Chemist: 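I have a structure here, written as structure tokens, and I will follow up with some questions on it.
In the text below, chain A, chain B and the rest are named by the order of the sequence lines, each starting its count at 1. Computed from a predicted structure; not experimentally measured.
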Protein chains: 2
Amino acid sequence: MPKSSELKATIYDVAELAGVSLKTVSRVINKEPNVRGSTRDKVHKAIEQLQYQPSPSARGLAGSKSFLIALLYSNPSSSYVTRAQQGALEACGAEGFGLLIQPCDYQSPDRVGELLHRLKESRVDGAILTPPLSDNPQLQQRLADENIACVCVAPRTGEQGGLSVCCDDERAAQQITEHLLAQGHSRIGHILGHPDHSVSQQRLRGYERALLAQGFEVDRSLIQQGRFDFVSGKQCAEELLDLSQPPTAIFASSDDMACGALVAAHERGLKLPGQLSVVGFDDSPQAAQCWPALSTVRQPISEMVSSAARLLIGELRKQPPDDIQSTFQCQLHLRDSVSPPE
Amino acid sequence: MPKSSELKATIYDVAELAGVSLKTVSRVINKEPNVRGSTRDKVHKAIEQLQYQPSPSARGLAGSKSFLIALLYSNPSSSYVTRAQQGALEACGAEGFGLLIQPCDYQSPDRVGELLHRLKESRVDGAILTPPLSDNPQLQQRLADENIACVCVAPRTGEQGGLSVCCDDERAAQQITEHLLAQGHSRIGHILGHPDHSVSQQRLRGYERALLAQGFEVDRSLIQQGRFDFVSGKQCAEELLDLSQPPTAIFASSDDMACGALVAAHERGLKLPGQLSVVGFDDSPQAAQCWPALSTVRQPISEMVSSAARLLIGELRKQPPDDIQSTFQCQLHLRDSVSPPE
DNA sequence: TTGTATGCGTTATCAT
DNA sequence: ATGATAACGCATACAA
């Protein structure tokens with residue numbers, strides 16, 4: 001029974017057991033070059049034998065790095081958050097970094113100071129910004145001022161300087177609108193996401209492009225301003241259904257809002273999807289659990305954030321990045337909430 | 001514009017500016033006794049002026065503590081996870097600790113070794129165990145072996161030695177069953193949670209006690225074994241609805257399963273809640289977003305975990321705990337999924 | 001390719 | 001009540 005009551009092995013112990021100097025051990029730990037294969041093996045053996053694990057505190061102190069990165073988010077969707085965390089953890093685990101999670105309220109500018117205080121306090125080496133925080137240039141500037149590296153997970157705007165990973169929201173929005181069109185819908189309503197989130201505009205553009213490409217006009221009365229949440233989605237859907245010529249299908253910019261539309265339709269006794277088709281965006285858990293199950297779009301959030309974390313860590317290690325920016329593709333998940341209009 | 005290009009202030013700088021010794025500053029920072037009030041003030045002033053923040057690395061190295069605690073979970077519900085994180089973060093922020101999140105698979109016993117490796121690697125001082133990990137005595141033993149303090153967030157079993165916070169699931173389950181009874185239901189089905197989670201048994205007991213207290217028998221054919229997730233809930237509901245004498249109401253041990261029951265009923269064209277009343281447990285986001293909106297039970301997860309974290313940190317500071325164990329109350333959230341049977 | 005000396009910013013030990 | 005000094009475990013020049 002290996003009761004770990006013995007004191008932690010240090011780099012000295014390893015050096016002694018391997019019969020080399022402290023510095024050599026340090027070299028193999030940090031994968032520096034200029035170490036003979038045979039000595040490298042000796043050291044590895046000693047590390048194994050002693051179950052040696054370098055002390056983060058000592059490394060941090062000596063190297064003035066913390067090997068910590070922060071994941072910043074301001075997103076009401078818990079499934080989005082956990083998927084992002086999953087990606088970040090995966091990368092951090094593989095790269096030997098620790099992850100600090102940092103929820104924050106993107107709206108209160110006075111709190112950006114508070115946020116920075118926390119980040120400085122924990123001495124993180126870098127930060128991952130997820131939407132809508134990645135839309136905030138001021139925050140990025142402040143981070144730069146504090147010498148905290150950062151990477152953005154953001155919709156593709158095409159004009160970003162720093163590290164970022166993107167997702168082609170516009171294209172996905174266009175595709176799912178085309179799906180509605182292909183089923184024979186021509187009056188398609190759209191419920192916008194929160195006005196402060198740049199993705200909302202991207203998804204609107206996709207919607208518009210799909211219509212235009214098929215020769216349809218964009219009818220502004222079919223477009224309602226939502227805020228990504230269930231309640232706003234329900235309200236907007238009610239507005240649309242109250243129209244003298246209501247749409248036969250609705251594309252909501254989030255699943256939460258799409259659920260709201262579903263409920264609004266149910267409450268009016270509409271047959272779904274026959275009398276109203278609905279599609280969402282996010283592939284949240286409720287998309288699969290509502291009735292009828294929602295057709296929606298899935299972003300590879302975990303992969304995006306994982307990739308972002310690796311980009312960031314590479315930067316921290318001063319490795320030249322392969323690509324300063326990479327783009328991921330969304331995927332349509334077609335379920336039961338769409339049919340041809342009756 | 002305070003560009004933080006100047007080097008970080010150290011404890012030396014503070015000592016010099018305050019005109020005291022390094023050790024005295026240390027005392028003030030760590031709230032040790034034996035410091036005159038006036039000198040304490042001087043030091044605080046200097047800290048303020050220099051915007052001094054102690055280095056976690058240096059503190060960790062010198063004191064062989066990391067001021068980090070881990071939040072361990074193995075829970076498929078992202079809303080549960082984020083609520084738990086919220087509570088943990090709140091406490092850690094207030095107490096000056098860092099939080100490392102640690103998802104894990106409770107089923108694979110070989111991975112408990114892997115988990116411990118990660119915890120040792122990050123040198124956490126303690127860990128918070130959430131259900132179902134808090135049901136695993138082996139894990140707790142291993143943590144103790146590694147000298148990692150721990151606190152459990154668990155259902156009330158009444159016979160726990162260590163630190164823990166509990167929630168009275170049984171009582172809440174009884175209450176929501178009583179709610180169904182009060183509406184006139186007598187044939188009430190129950191969908192059990194995952195068999196490995198001790199809460200499942202607690203909630204079953206609450207269900208049984210409510211029936212027994214009103215003079216009803218517990219009909220085993222009305223009890224189905226679920227696994228907390230949507231799919232199992234739907235399957236179990238189908239079994240129940242296939243009965244020659246189907247129940248007029250279903251109490252599912254989770255909202256995910258309750259949603260499954262809702263969908264099963266919708267698919268059969270049942271009128272809800274008229275022909276089938278359904279209640280869940282958790283107050284997950286979908287509870288409010290499905291149709292009809294679910295009546296359910298809300299645990300104060302954030303508060304429980306926050307309290308657990310404070311308990312743990314107190315232990316790490318060797319403060320005598322006020323109570324080694326505290327119990328929280330659940331709350332019923334009544335919505336639209338219950339009516340008298342038609 | 002390998003080793004030596006020094007310092008990182010704090011806590012802990014022992015004084016005074 | 002306060003202070004001097006030695007760890008803590010590692011990285012980083014700089015040598016050899």
Chemist: If you compare every side-chain N and O of B:Thr24 against the phosphate oxygens of D:dT2 (OP1, OP2), does one of them come in below 4.0 Å?
Modeler: no
Chemist: So, B:Asp125 side chain and B:Ile69 main chain: donor-acceptor pair closer than 3.5 Å or not?
Modeler: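 No.
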Chemist: Specify the angle, to 10°, made by the local axes at the two ends of the helix from C:dT1-D:dA16 to C:dT16-D:dA1 when five pairs are taken at each end.
Modeler: 30°
Chemist: Could you write nucleotides 7-16 of chain D as a row of B, S and -, 5' to 3', where a protein heavy atom under 4.0 Å of any base atom gives B, of only sugar-phosphate atoms gives S, and otherwise -?
Modeler: -BBBSBB---
Chemist: Check every strand shown and say whether B:Ser64 touches a base, only sugar-phosphate, or nothing at a heavy-atom separation below 4.0 Å.
Modeler: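 Counting heavy atoms under 4.0 Å across all strands, no contact is made by B:Ser64.
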Chemist: Are A:Asn136 and A:Gln140 close enough that a side-chain donor and a side-chain acceptor fall under 3.5 Å?
Modeler: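 No, A:Gln140 and A:Asn136 have no side-chain donor paired with an acceptor closer than 3.5 Å.
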Chemist: Quick one: does any side-chain atom of B:Asp41 pair with a main-chain N or O of B:Ser38 as donor and acceptor, under 3.5 Å?
Modeler: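 Judged by distance alone, no pair lies under 3.5 Å.
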Chemist: Could you work out which one of C:dT1, D:dG3, D:dT2 sits closest to the side chain of A:Arg36?
Modeler: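 Ranking C:dT1, D:dG3, D:dT2 by closest atom to the A:Arg36 side chain puts C:dT1 first.
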Chemist: Rounded off to whole Å, could you give me the CZ-to-P distance for the B:Arg317 and C:dT11 pair?
Modeler: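 Interatomic distance, CZ of B:Arg317 to P of C:dT11: 13 Å.
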Chemist: Does A:Ser326 offer a backbone N or O that forms a donor-acceptor pair with the side chain of A:Ser164 under 3.5 Å?
Modeler: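 Such a contact is absent between A:Ser164 side chain and A:Ser326 backbone.
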Chemist: Write out all pairs satisfying side-chain hydrogen bond (donor to acceptor under 3.5 Å, both in side chains) with one or both partners inside residues 301-320 of chain A, taking only residues at least two apart or from two chains.
Modeler: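 Pairs touching residues 301-320 of chain A that pass the test: A:Glu90-A:Ser306, A:Glu90-A:Arg310, A:Glu95-A:Arg310, A:Glu95-A:Arg317.
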Chemist: How about A:Leu163 and A:Cys150: do any of their side-chain heavy atoms sit closer than 4.5 Å?
Modeler: no
